[in-house]
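Protein chains get the first letters and strands the later ones, always in sequence-line order, with residue 1 at the start of each.
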Amino acid sequence: MKNNVLTVMKKECRRIFNDRNLFFTTVLLPGLIMFVMYWFMGNFMGDLFSVDEEYIYQVHAVNMPSSVAGLLSADELGMDIHNISYDQIDEIKQQISDRETDLLIIFPANFDELVATFDPHTATSPAPNIELWHNFTRTESNEANGIVMAILNSYHHALTHRFTINLPTDDYGGNFNLATDADMFGMIIGIVVPMLFILMIFTGAQALAPESIAGEKERGTLGSILVTPARRRDIALGKILGISVFALMSGAVSMFGALFGMLSMMGMESGGGIFEFYTFTDIALLLLVTLSTTLVFVSVLSLLSAYAKSVKQATGYSMPIMIIVMIVALGGMFFGGVPDGIALFFVPVLNSSLSITAIFSFDVNVINILTAVATNLAIATLVTFLMARLFNSERIVFDK
Amino acid sequence: MKEILDVKNLSKTFKLSKKQQKLKRLDKPILTAVDNVSFKSYEGEVFGLLGPNGAGKTTIMRMIATLINPISGDAIVDGFSIKKDPREVRRRIGFLTNELKLDDFFTPNYLFEYFADLHGLSKSTMAVRKEELFATFGINDFAEVKVANLSQGMRQKASLAISIVHNPNIIIFDEPTNGLDVITSKVVVDFLVRLKKEGKNIILSTHIFGLLENLCDRVGIIIDGKMVACDTIAAVIAEKTLEEIFFDLYAQTTKEAI
Ligand SMILES: Nc1ncnc2c1ncn2[C@@H]1O[C@H](COP(=O)(O)OP(=O)(O)OP(=O)(O)O)[C@@H](O)[C@H]1O
Ligand SMILES: [Mg+2]
């Protein structure tokens, strides 16, 4: 007995390949959209992540003590230090928030003397505190903050803790980041990328499954297959795998579209650049997550399509699912990052979203991600089995 | 005579939706489409099912083809029960109706090989079958044209060839000429005649009296889901034409004068 799964799968693939419209709209178009979208986003991210070697950081200081001025004046730091007065503080803070300048350092008056006379063991008043204001989303600001923070930290240790940096205050709490909500947009990309990616796979599957299964019902071609001795299970599996190949292609094309769009704007010409950031394990896990997620979507949509009487009805059934997927795929947002616990990795869609976010943000917990993959595969298997059962029931083909 | 098909007390009901119930003016949401039907067909025979619209012919044939399940009764097809061995039954039958169609996006050539694969034919057997059937039906001229671009007659030829790709012993035809133009009908009738000559077992449903009289060895008349008469064609048409007998039976069963 030949392998009917393969036969059915091959036909499914051929069908989509031969249909130029379908191929274009499900495989090529999403990739193109992602490329353009990320080309723009890349523009933004490019700003975010690279600082020109020649760049001179614009640092504003109030009461700059001569000791620290000496530390920061080294040429190789490339800092231009402007001494300002108290009443200019608000103006500079605004500029930082608007991403126009880089850093504001506020020292207490007579910092050097205060530090010299401060004894952390006997003091009754708090140590002199330095405030360092920056904007998280402006790369130059972030860099300058890092550099100054590192220098002050070592000075802090050298002086045996006679001052503090960015001590939380009643006014600001511990937040000395002047980024506004709109600037946070860039940071959210880490969550939006997985969501869009998951959605692309979903829409790929959504374009194919109703057409391939409900469409065959509608056109009366499914019955012809069901009168052959091929097992229902093989037919169901063959169809699901065939559709998955294309949903995956569509997902992969989208992903590469996004990647190249981003890289090309960030000045990295080749895709090889990604291996500078991600390890082989990361990429392998990403592929596994993508594959298993695709199988979940395709099997669920196929089951619905087998149940529906027409392509239209099947597409209608898939809409609520799509909304759920969209919301759940944003999962990372609700949890403010990827949780360490394993529990959420048993929840379909959410587990894919969290896994992709984790991989993109270098926060990989292999066990959790493999749990997500295993969960997805189990669900896809179960749904395939249900679909085979449905093929066996007469409802599917001959319901009036 | 060897029994090829033994239909034993086959019954089928359908649950109806509110809308369907209203449409059929029934007081219960259950429709008995096939009611305790039994008949036999023997080696080399053509068995014809005759009945008005909605009599239950298609339902009976779908049950025999294992596409739907009876609520009671059984049918033994070439020694295999449709309930216990549906796959063995499917291996032995070819099923052709106008409702089962060929995929528009593929060529007859591809579909022939596809169905040969699903039936588990070896490459060499398939090649021999293809050469033979494509020549018989004159399919070679359009073997590489997508089904969507074929004329109705060409499609019908391709369907017929593909439905017997696995050289089934029993061929089930549900209203094979229904809705076809005269030319295409002729293709089908010629095919039936050829199969009969080859000694194949055929189960056929139709509205066309002439087709039954000329082709069938045995007929069963189905009205309202019940088998009201079943005998050899010779016995049935001994005194009256099939047409006359049918209308008599119809009037008796439904108590409607025609
Ligand atoms: N899936 C179904 N759901 C509900 N009712 C059905 C279903 N299939 C068939 N029926 C009903 O069962 C009865 C028998 O239908 P069937 O199609 O077997 O008749 P038929 O003899 O083939 O008629 P025709 O000559 O019109 O093809 C009809 O009343 C039909 O409406
Ligand atoms: Mg019928």
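Of the charged side-chain nitrogens involved, none lies within less than 4.0 Å of a carboxylate oxygen, so that B:R194 and B:E198 do not count as a salt-bridged pair. Using a 4.0 Å cut-off between charged nitrogen and carboxylate oxygen, A:E12 and A:R15 do not count as a salt-bridge pair. Taking a cutoff of 4.0 Å between a charged side-chain nitrogen and a carboxylate oxygen, A:K312 and A:E218 do not qualify as a salt bridge.
Only one option out of B:T206, B:T97, B:T58, B:T59 pairs with B:D174 in a side-chain hydrogen bond (donor to acceptor under 3.5 Å, both in side chains); it is B:T58.
Looking only at heavy-atom pairs under 4.5 Å with chain B, the residue among A:R14, A:E216, A:K11 that has the most is A:K11.
Proximity to chain A is absent for every atom of B:L96, based on heavy atoms less than 4.5 angstrom apart. Using a 4.5 Å cut-off between heavy atoms, A:I225 touches chain B through backbone and side chain atoms alike. Proximity to chain A (any heavy atom under 4.5 Å) is shown, for B:Y114, by both the backbone and the side chain.
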